[in-house]
Amino acid sequence: QVQLVESGGGLVQPGGSLRLSCAASVFTSDYYTIGWFRQAPGKEREGVSCISSSDGDTYYVDSVKGRFTISRDNAKITVYLQMNSLKVEDTAVYYCAVNARLRRAAPLCKGYYGVDYWGKGTLVTVSS
C-alpha cells in the first residue's frame, strides 16, 4: 500500500514562503505523475501543480504561476512545492496526490485522469 506523507505546512504572513514536501513509500511504478492539490474552506479542490517522473513535465494553475515551483527527487520518490509570495487566498489544505501510470502533468492536475493515492493533507494558513 502506497502512503504519501506531507510536511511543511504552517502559518505564514502574506508575502512569505513555505516549502511543502511529500514522500511516497514503497512505490514500484517506473513512470508516474505526482502533484499538489488544495482545498480552501467552502471551495472545491483544485490542482495546483503537478510533475511527471519521466521527463519533468510540469503544470501550474494560473493563480500560482511565477510564485510556486514544483520539483521532484525520483530516487527518494519525493516531490516538493516551493511557495513564495504567498497570498491570503493561498490558504487551504494542501494534498499530495499521485497517478501511478500517467506521464503528463496537466491531465492529472486538471482532473482528466484520476488519482491513485492521496496524502492526508497539510494546512497552509496565510494571515497577518
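If you're wondering where the values come from, they're calculated on a predicted model, not measured in any experiment. Because only heavy atoms are used, hydrogens play no part in the values below, and waters and symmetry mates are left out as well, while side chains stay in.
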Walk me through whether V126 and Q13 qualify under side chain to side chain contact (heavy atoms under 4.5 Å, CB included). CA-CA 5 Å; V126 185; Q13 292 185 339; over 6 Å; no
Which heavy atom in A40 sits nearest to a heavy atom in T91, and how many Å separate them? CB-O, 3.5 Å
In terms of hydrophobic clustering (I, L, V, M, F, W, Y; side-chain heavy atoms under 4.5 Å; direct or indirect links), are Y60 and L102 co-clustered? no
Treating Ile, Leu, Val, Met, Phe, Trp and Tyr as nodes and any side-chain heavy-atom pair under 4.5 angstrom as an edge, say whether Y95 and Y113 lie in one connected cluster. yes
Check whether E6 reaches the backbone of G121 with its side chain - one donor and one acceptor, N or O, closer than 3.5 Å. yes
Would you confirm whether N99, through its side chain, and G114, through its main-chain N or O, come within 3.5 Å as a donor-acceptor pair? yes
Are more than 12 heavy atoms from other residues, nucleotides or ligands located less than 6.0 Å from atom OH of Y80? yes
What closest approach, in Å, do N84 and S17 show between heavy atoms, and which atom pair accounts for it? OD1-OG, 2.9 Å
If you define the side chain from C-beta out and look only at heavy atoms, does anything of I77 sit under 4.5 Å from R72? no
Minimum-distance pair of heavy atoms, taken over all atoms of S49 and C109: C-SG, 3.3 Å
State yes or no: do V2 and V79 share one hydrophobic cluster built from I, L, V, M, F, W and Y residues joined by side-chain heavy-atom distances below 4.5 Å, directly or via other members? yes
Side-chain heavy-atom pair M83, V124 within 4.5 angstrom cut-off: yes
d(S54 OG, Y32 OH) to nearest 0.5 Å is 10.0 Å
Which heavy atom of L4 sits nearest a heavy atom of C22, and at what distance? CB-SG, 3.9 Å
Indicate the atoms forming the closest heavy-atom contact of Y31 with S53, along with that distance. CA-OG, 3.5 Å
Is it the case that the side chains of R38 and Y94 hold a donor-acceptor pair, with the cut-off being a distance below 3.5 Å and no angle test? yes
Is the closest side-chain heavy-atom distance between V98 and T33 below 4.5 Å? no
Cluster check L81, W118: I/L/V/M/F/W/Y, side chain < 4.5 angstrom: no
Near R45 CZ, under 6.0 Å, is it more than 12 heavy atoms from other residues, nucleotides or ligands? yes
Looking at side-chain heavy atoms only, is the closest gap between L108 and Y59 below 4.5 Å? no
Using a 3.5 Å distance criterion without hydrogens, assess whether the side chain of T122 forms a donor-acceptor pair with backbone atoms of G9. yes
Please name the pair of heavy atoms, one in L86 and one in V12, separated by the smallest distance, quoted to 0.1 Å. CD1-CG1, 3.5 Å
Side chain to side chain contact (heavy atoms under 4.5 Å, CB included) for R104 and D55? Distances and angles first, verdict last. CA-CA 9 Å; R104 307 304 294 174; D55 60 1; 3.0 Å; yes
Check whether T58 reaches the backbone of I51 with its side chain - one donor and one acceptor, N or O, closer than 3.5 Å. no
Side chain to side chain, K120 and V5, heavy atoms closer than 4.5 Å: no
Should I70 and W36 count as side-chain neighbours, where that means a heavy-atom distance under 4.5 Å? yes
E44 side chain to Q39 backbone, donor-acceptor under 3.5 Å: no
Separation between OG of S52 and CZ of R103, rounded to the nearest 0.5 Å: 9.5 Å
With rounding to the nearest 0.5 angstrom, report the OG1 to CG distance, T125 to L18. 9.5 Å
Do the side chains of F68 and V48 get nearer than 4.5 Å, heavy atoms only? yes
To the nearest 0.5 Å, what is the distance between OG (S63) and NZ (K87)? 8.0 Å
Mind checking whether L20 and L123 sit in one hydrophobic cluster, side chains of I, L, V, M, F, W, Y counted as touching below 4.5 Å? no
